[in-house]
Amino acid sequence: MYKKMEILAMNRFDPYQSAALEPGVSQHVARRAASFGASSVLFYAQPIDMVRAHGAYMFDAGGRRYLDLYNNVASVGHSHPVVVEAVSRQLTVLNTHTRYLNEGIEAYAEELLNTFPDQLSNLVMTCTGSEANDLALRIAQSKTNAKGFIVTRAAYHGNTAAVAEISPSALRHRAPASHVKVIDAPDSRLASNRNCALHFERSVSAAIEELNGSGVGFCALIVDSIFSSDGIFSDPAGFLQIAVQKVQQANGLFIADEVQPGFGRTGDAMWGFMRHGVIPDIVTLGKPMGNGFPMGGVVTRPELLQKFCEETGYFDTFAGSPVAAAAGSAVLKVLKEEGLLENAATVGTYLKQGLMDLKERSPRVGDIRGVGLFIGLDLIDPANGSPDPNFAGLTINALKENCILIGAAGSFGHTLKIRPPLCFSKEDANVFLEALDMALALNDR
Ligand code: PMP
């Protein structure tokens with residue numbers, strides 16, 4: 001029997017197996033544990049001592065080169081020279097808070113907001129995706145005077161007290177609090193879920209009724225618009241529409257968490273919600289926004305922000321500094337100049353086709369989902385088609401031995417989460433496909 005996986009535990013190094021570590025690695029792991037204690041989480045059965053990275057590749061202390069299919073932070077490529085140069089230059093000139101006029105900050109906000117529907121015309125900058133979601137919850141509560149949120153079963157939205165509460169996948173030993181209603185993601189694999197749009201809309205409606213009936217009141221539906229920790233659900237495009245209509249008719253808000261799909265990863269649009277033809281009330285941003293410079297943001301309608309700011313003072317010391325604006329502007333410039341949305345679409349289609357071909361050959365490969373450079377591939381037990389997280393773990397470690405970095409997702413931890421930097425090429429895709437083919441064959445013996 002397989003058990004449910006917690007998203008933060010996937011692909012994790014198990015300290016109780018440290019006897020099997022190579023000697024140098026063992027000392028390094030012990031040193032780290034001495035400082036960071038229980039909060040130290042490392043990837044892989046043999047953790048990697050990573051020293052540098054460039055483009056879609058990372059290099060360890062021994063000079064081994066790894067192809068990175070994990071990292072959506074260094075989205076335009078690790079250590080991209082345009083971003084590095086913009087940040088370094090700005091650091092030598094001015095790095096202060098946002099309470100002065102500054103051309104760079106204003107220009108960045110305008111350029112970013114130009115990528116959104118017209119009504120989403122205000123931006124608040126934060127340092128992380130968690131902060132952005134925390135602020136989004138507060139803005140939504142201020143607008144609706146209600147407290148209840150609807151989230152998906154394996155959602156992860158971040159680490160503040162309020163946001164951890166709407167992140168069922170991070171809660172180890174308990175269900176979320178009573179103001180949070182958990183529903184199934186629009187999972188195209190479930191038999192009962194053939195029409196996943198309708199199923200999702202019905203679940204949302206029932207949760208709205210429950211929240212309103214319990215006196216908590218319905219405030220907002222928040223989803224990661226590619227459902228990454230739930231297992232990556234992108235199709236059929238448009239499946240969010242009827243649920244979002246229901247939310248807005250019920251005087252609630254729809255919050256699109258774009259920390260994962262945002263900044264062009266899906267290849268078809270800058271933002272994941274656009275694939276579904278919906279306009280959120282609030283959008284939250286993070287990870288790829290500064291290509292590694294810590295940045296997040298909330299984009300919303302002016303009247304929502306107005307109401308919140310009348311009620312509460314809000315200030316974030318490090319967010320939206322001129323250096324953050326330089327990083328953010330450089331990311332937008334690289335996305336455009338290097339055609340990275342187009343690359344995500346072209347290479348993503350090529351890679352997905354390669355994975356489909358692999359599925360023909362391997363009974364271990366189940367469903368394949370996703371769009372652009374965000375693809376989920378289920379690893380299953382060929383005997384009965386059930387999720388096989390142990391096999392996923394073996395495959396991830398075997399790929400690592402073959403210098404490929406990749407992670408898992410989904411409620412059962414059996415979905416390979418294929419999410420490389422957007423500069424990933426067809427040649428890189430071929431390297432991965434060959435290594436995956438070998439890893440599947442090796443572990444299946
Ligand atoms: N939302 C989603 C969908 C995420 O995946 C994450 C991080 N994994 C967050 C929010 C939180 O972002 P951060 O770690 O920058 O706080």
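Along the sequence shown, the residues carry numbers beginning at 1. In listed order, ligands and their atoms are each counted from 1.
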Please determine if R419 forms a cation-pi arrangement with Y70, meaning its NZ or CZ atom is less than 6.0 Å from the six-membered ring centre and no more than 45° off the ring axis.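 Judged by the rule, R419 and Y70 form a cation-pi pair.
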Report yes or no: is the cationic atom of R138 (NZ for Lys, CZ for Arg) closer than 6.0 Å to the six-membered ring centre of Y314, at no more than 45° off its axis? no
Could you name the protein residues that come within less than 4.0 Å of ligand 1, counting only heavy atoms, and order them by chain and residue number?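 Near ligand 1, by chain and number: T128, G129, S130, N133, Y156, H157, G158, D224, D257, V259, Q260, K287.
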Contact check, side chains of L112 and F263, non-hydrogen atoms, under 4.5 Å: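 Side-chain contact under 4.5 Å: yes.
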Is the closest side-chain donor-acceptor distance between N343 and T346 under 3.5 Å?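 Judged by distance alone, the side chains do not pair up.
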Step through it carefully: locate the ring centre of H78, locate the ring centre of Y57, and say whether they are under 6.0 Å apart.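 No, the ring centres sit 6.0 Å or more apart.
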Applying ring-ring contact (aromatic ring centres under 6.0 Å, His included), name anything that partners F116, two or more places apart in sequence or on another chain.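 W271.
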